[in-house]
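What follows is a short report on a single structure.
What you see below is based on every heavy atom in this structure, not just the backbone, and it leaves out hydrogens, waters and symmetry mates. Numbered from 1 within each chain, the chains take letters A, B, ... in sequence-line order. Please read all numbers here as calculations on a predicted model, not as lab measurements.
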Number of protein chains: 2
Amino acid sequence: MPEFLDLHGKTSKALRAAADAGMRRHGLHLGQNLLLAALWEQDGRTPGELAAALGVTTPTVVKMATRMATAGLLTRTRDDRDQRLVRLRLTDAGRALQQPVEAERRLLEERVTADLAPEERRLLLTALAKVHRATTALLAEQDGADTPA
Amino acid sequence: MPEFLDLHGKTSKALRAAADAGMRRHGLHLGQNLLLAALWEQDGRTPGELAAALGVTTPTVVKMATRMATAGLLTRTRDDRDQRLVRLRLTDAGRALQQPVEAERRLLEERVTADLAPEERRLLLTALAKVHRATTALLAEQDGADTPA
DNA sequence: CAGGGATCACTAGACGGCTAATGTCTTCAG
DNA sequence: CTGAAGACATTAGCCGTCTAGTGATCCCTG
């Protein structure tokens with residue numbers, strides 16, 4: 001029933017499917033592009049750092065990293081100075097995807113927002129940002145309420 | 001990089017987490033409320049019908065139905081007239097959740113859109129609808145382009 | 001210097017989602 | 001009336017995500 005939640009959900013699903021189709025063209029699965037993007041920005045990060053950067057839990061990154069290492073996109077190396085840490089480093093194949101994947105993502109953004117007037121697009125971003133903040137605040141409040149003194 | 005995709009993704013994740021927390025309070029997992037909603041609207045539908053109504057694939061509904069049957073929310077029955085079909089029917093427990101779950105969902109909608117002026121909310125819905133249509137069109141186009149004569 | 005607490009990555013297992021493959025039942029054409 | 005084609009649900013197996021639990025390493029305190 002709720003209008004916004006419903007519409008947002010449908011849009012999410014559609015965008016997810018479109019993004020997946022786009023990434024698949026470059027041999028990636030949905031989500032892997034985000035991990036790659038974090039490594040393009042700064043190579044050699046640890047699973048924990050990446051998880052924090054992506055807003056995801058560490059096990060998620062570990063699983064993805066395992067698959068992507070198998071796929072030859074990155075390598076796993078133990079940090080020399082701190083043996084607890086693992087460094088994820090891009091291979092040439094992983095680096096080579098940066099240009100095409102970023103282009104694909106820009107194209108998708110253009111396509112899905114093509115029907116929006118500049119003013120409309122601006123307002124959409126503003127409104128969505130407010131929803132994002134409100135939702136994040138709601139989550140923080142709940143987490144805090146569940147673990148009080 | 002893409003502004004809208006990035007923001008939309010983050011918002012999706014946050015909303016998902018918030019919805020999950022809300023549903024968990026009623027003993028449901030995220031997504032089950034949607035299947036239930038479809039059955040509240042019309043009981044006794046088949047997995048295929050539900051999948052179409054929810055915009056997911058049939059196997060997804062089958063898996064969810066299995067868990068929800070185990071949880072005592074619905075029952076599985078073979079259709080008398082067409083033995084290929086399966087009818088999913090709500091139990092009393094499944095029906096009993098309608099009021100509280102719908103209330104929970106309305107509350108979430110209110111909370112996350114609380115910072116939006118009425119006008120702003122209206123524009124958000126309009127813009128999001130446009131994005132949804134554009135994305136759906138994009139998907140249809142790709143599906144058609146992949147399977148030409 | 002030694003031990004205990006913090007900090008990491010990783011494993012196990014669950015859920016929602018998808019595609020591909022299986023199996024069963026209907027139905028329709030010959 | 002029989003057999004092939006179509007419609008359905010289901011299973012198998014993958015990906016991304018989460019929470020819990022495990023194991024190793026580091027560091028700081030006593």
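With sequence neighbours excluded, the residues forming a side chain to side chain donor-acceptor pair (under 3.5 Å) with B/Thr66 are B/Arg76, listed by chain and number. Residues that satisfy the side chain to side chain donor-acceptor pair (under 3.5 Å) test with B/Thr57, not counting sequence neighbours, are B/Thr60. Remark: B/Thr46 pairs with B/Glu49, B/Leu85, B/Arg87 by the side-chain contact (heavy atoms from CB on, under 4.5 Å) rule, at least two apart or across chains.
Grouping Ile, Leu, Val, Met, Phe, Trp and Tyr by side-chain contacts under 4.5 Å, direct or through others, puts B/Leu123 with A/Leu123. B/Leu30 belongs to no multi-residue hydrophobic cluster, having no ILVMFWY side-chain contact under 4.5 Å with any other such residue. The hydrophobic cluster containing B/Leu90, built from Ile/Leu/Val/Met/Phe/Trp/Tyr side-chain heavy atoms closer than 4.5 Å, also comprises B/Met23, B/Leu28, B/Leu34, B/Leu35, B/Leu36, B/Leu39, B/Trp40, B/Leu50, B/Leu54, B/Val56, B/Val61, B/Met64, B/Met68, B/Leu73, B/Leu74, B/Val86, B/Leu88, B/Leu97, B/Val101.
A heavy atom lying under 4.0 Å from DNA chain C marks the following residues of residues 57-65 of chain B, by number: B/Thr57, B/Pro59, B/Thr60, B/Lys63, B/Met64. Within a heavy-atom distance below 4.0 Å of DNA chain D, the residues of residues 16-51 of chain A found are A/His29, A/Leu30, A/Gln32.
The pair A/Arg16-A/Asp20 fails the salt-bridge criterion, with no side-chain N (NZ, NE, NH1 or NH2) lying under 4.0 Å from an Asp/Glu carboxylate O. A salt bridge between A/Arg106 and B/Glu3 is absent, with no side-chain N of the basic residue lying under 4.0 Å from a carboxylate O of the acidic one.
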Show me the protein contacts with nucleotides 22-27 of chain C, counting only N or O atoms at under 3.5 Å.
unit_1, atom_1, unit_2, atom_2, d
C/dT26, OP1, B/Gln83, N, 3.1

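Counting only residues at least two apart or in different chains, side chain to side chain donor-acceptor pair (under 3.5 Å) contacts with residues 129-139 of chain A comprise A/Lys130-B/Glu120.
Bounding nucleotides for the chain A contact on DNA chain D, 5' to 3', at a heavy-atom distance below 4.0 Å, are D/dC15 to D/dC26.
Using a 4.0 Å heavy-atom cutoff across all strands shown, B/Arg76 reaches sugar-phosphate atoms only and no base atom.
Considering every non-hydrogen atom in both B/Thr58 and B/Pro47, the closest pair reads CG2-CB, 4.1 Å.
Looking at A/Glu102, its side chain never comes within 3.5 Å of a backbone N or O of A/Gln99 through a donor-acceptor pair.
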Scan the side chains in residues 112-119 of chain A for donor-acceptor partners under 3.5 Å anywhere in the protein, sequence neighbours excluded, and list what turns up.
unit_1, atom_1, unit_2, atom_2, d
A/Thr113, OG1, A/Glu109, O, 2.7
A/Glu119, OE2, A/Arg122, NH2, 3.2

